[in-house]
Amino acid sequence: MAISAAPYICSMKELMTIEKPALFSFRECLWFLDRGYDDCLFRIHDQQLTRFILLDGKPILFRISDAGNSLAVHLLHGSVSDHQLPLLRNHIMDWFDMNKDLSPFYALLQRDKKLQYMPKDFEGLRLISITDLFEALCWSIIGQQINLTFAYKLKRRLVEAFGTALTYEDHTYHLFPSPEKLRSLSVEDLRPLQYSQSKAKYLIGIAQAFAEKKLSYEMLAALKDFNAMQQALIAHKGIGVWTANYVLMKTMRVPNAIPYGDVGLLKALETHEIIKERNETEKIERFFKKYKGWEAYLVFYLWRSLAPPVFQTK
DNA sequence: AACCAGGCTGCGC
DNA sequence: GCGCAGCATGGT
C-alpha cells in the first residue's frame with residue numbers, strides 16, 4: 001500500500017498553535033524521540049517533528065515546530081475539517097502529556113539528594129506516550145530481551161513490509177500495520193524479517209485479539225483498577241509483567257505501573273547508587289514509595305538519565 | 001569472543 | 001508459588 005503526495009511548493013497549511021504549559025520543553029521531548037535510535041514512525045529534522053497518523057480514520061501528515069510560547073502544527077498531506085481540529089489537538093497534547101502540572105513531581109525530586117539535579121537538567125521533559133495500544137504492545141514484544149538497536153530494526157522491517165507508506169518531499173512516512181493486517185500473517189512470513197518463532201507467534205496472537213475485539217484500549221481503560229488492567233493484558237501469550245507495566249505506563253501513564261526488572265531502570269538505579277545489586281527489590285519498592293503518583297514519570301526520568309543532558313554541549 | 005540485550009513460557013519441584 | 005533452562009540473534 002502506498003500513497004503519494006504531490007510536492008506542492010508552500011503547500012504547508014498552519015492548522016493551529018498549541019500553547020505550551022509551564023515546565024514544557026519541546027526540545028527535551030525531541031531529544032527523547034531522537035536519542036540515537038532509528039524510529040520509523042516519525043521523522044525529526046531541524047527541530048521539527050513530522051508524523052503520519054490516522055485521524056478519525058483518515059490519513060494525515062503533519063509537522064510540529066517550536067513557535068516560542070506555543071507549538072505550531074502544519075498540515076502536509078490530507079485534510080482536517082474544523083470539527084476534527086480538536087481531535088488533532090487532543091492527540092498532540094496527549095502524546096506529549098501537555099495537560100499535566102509537573103511541579104509536584106519536581107518538588108519531590110528536589111527533596112532527593114541523588115535526583116535533585118533532574119528538574120534543572122531535564123526541565124520540561126514530558127512522559128511521551130505511545131498513542132496506540134496495539135502498537136505499544138507490539139513494540140514491547142519486539143523489544144523483549146534484545147537490544148534496542150536491533151529492536152528498532154525489527155520494527156522498521158515490520159512497518160515497511162506491512163504498514164501504509166506515504167512519500168512526501170523525498171521522505172517516506174509510515175503507519176503502523178493494523179491488527180487486521182498482522183493477524184493475516186503466519187509465523188513463516190515474519191521469520192525472514194528475523195523475528196524469532198515466539199515473537200512472531202505472540203505478535204500474530206495479539207493482532208488476532210485486537211481484530212476480534214477481545215482486547216482494546218476502551219476495554220482496558222474501563223477497568224480503572226491497576227491489577228485488573230495488568231491481569232487483562234497478561235492473559236495474552238507473550239505479555240508478562242514487564243510488558244503489561246511498560247504498556248500501561250506508556251499508553252495511559254498509569255503511575256504505579258512500574259516496569260520492575262527493566263534493565264534500563266536497574267542500570268539507572270545502580271548509577272545513582274540507589275541500589276548496589278540488581279536483586280534488591282525491597283529497596284527499589286521503598287524508593288518508589290517516595291514518589292507516589294509519579295512513579296511512571298520517575299522511571300521515564302531515570303531512563304532519560306542514561307544519556308547526557310541535551311543542553312550540555314550548548 | 002564472550003556476554004549482554006527495555007523478557008516470556010513451560011517445566012520441575 | 002518459586003527457580004531455572006531455553007529461546008534466538010544482533011551489538012559491543
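Letters go in sequence order (proteins before strands), and every chain restarts at 1.
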Can you sort out the partners of [X] under side-chain contact (heavy atoms from CB on, under 4.5 Å), two or more places apart, ordered by chain and number?
X	answer
A:Arg253	A:Asp94, A:Asp97, A:Lys100, A:Leu127, A:Ser129
A:Gln145	none
A:Glu285	A:Tyr260
A:Leu55	A:Ile53, A:Ile60, A:Val80, A:Gln84, A:Leu87, A:Leu88

In residues 245-272 of chain A, which residues come under 4.0 Å of DNA chain B by heavy atom? A:Tyr246, A:Asp262, A:Val263
Those residues of residues 281-294 of chain A lying under 4.0 Å from DNA chain B by at least one heavy atom: none
Side-chain donor-acceptor contacts of residues 185-192 of chain A below 3.5 Å, not counting sequence neighbours, with atom names and distances?
unit_1   : atom_1 : unit_2   : atom_2 : d
A:Ser186 : OG     : A:Glu188 : OE1    : 3.4
A:Ser186 : OG     : A:Asp189 : OD2    : 3.2
A:Asp189 : OD2    : A:Ser186 : N      : 2.8
A:Arg191 : NH1    : A:Tyr195 : O      : 2.7

Does [X] have any side-chain hydrogen bond (donor to acceptor under 3.5 Å, both in side chains) partners at least two apart in sequence or in another chain, and if so, which?
X	answer
A:Gln144	A:Thr243
A:Arg35	A:Tyr152
A:Lys283	A:Glu280

Distances under 3.5 Å between protein N/O atoms and the N/O atoms of nucleotides 9-13 of chain B, please, pair by pair.
unit_1 : atom_1 : unit_2   : atom_2 : d
B:dT9  : OP1    : A:Gly238 : N      : 2.8
B:dG10 : OP2    : A:Lys237 : NZ     : 3.2

Could you note down all residue pairs passing ring pair (Phe, Tyr, Trp, His ring centres under 6.0 Å) where residues 89-117 of chain A supplies at least one of them, sequence neighbours left out? A:Phe105-A:Trp294, A:Phe105-A:Tyr297, A:Phe105-A:Tyr301, A:Tyr117-A:Phe122, A:Tyr117-A:His272
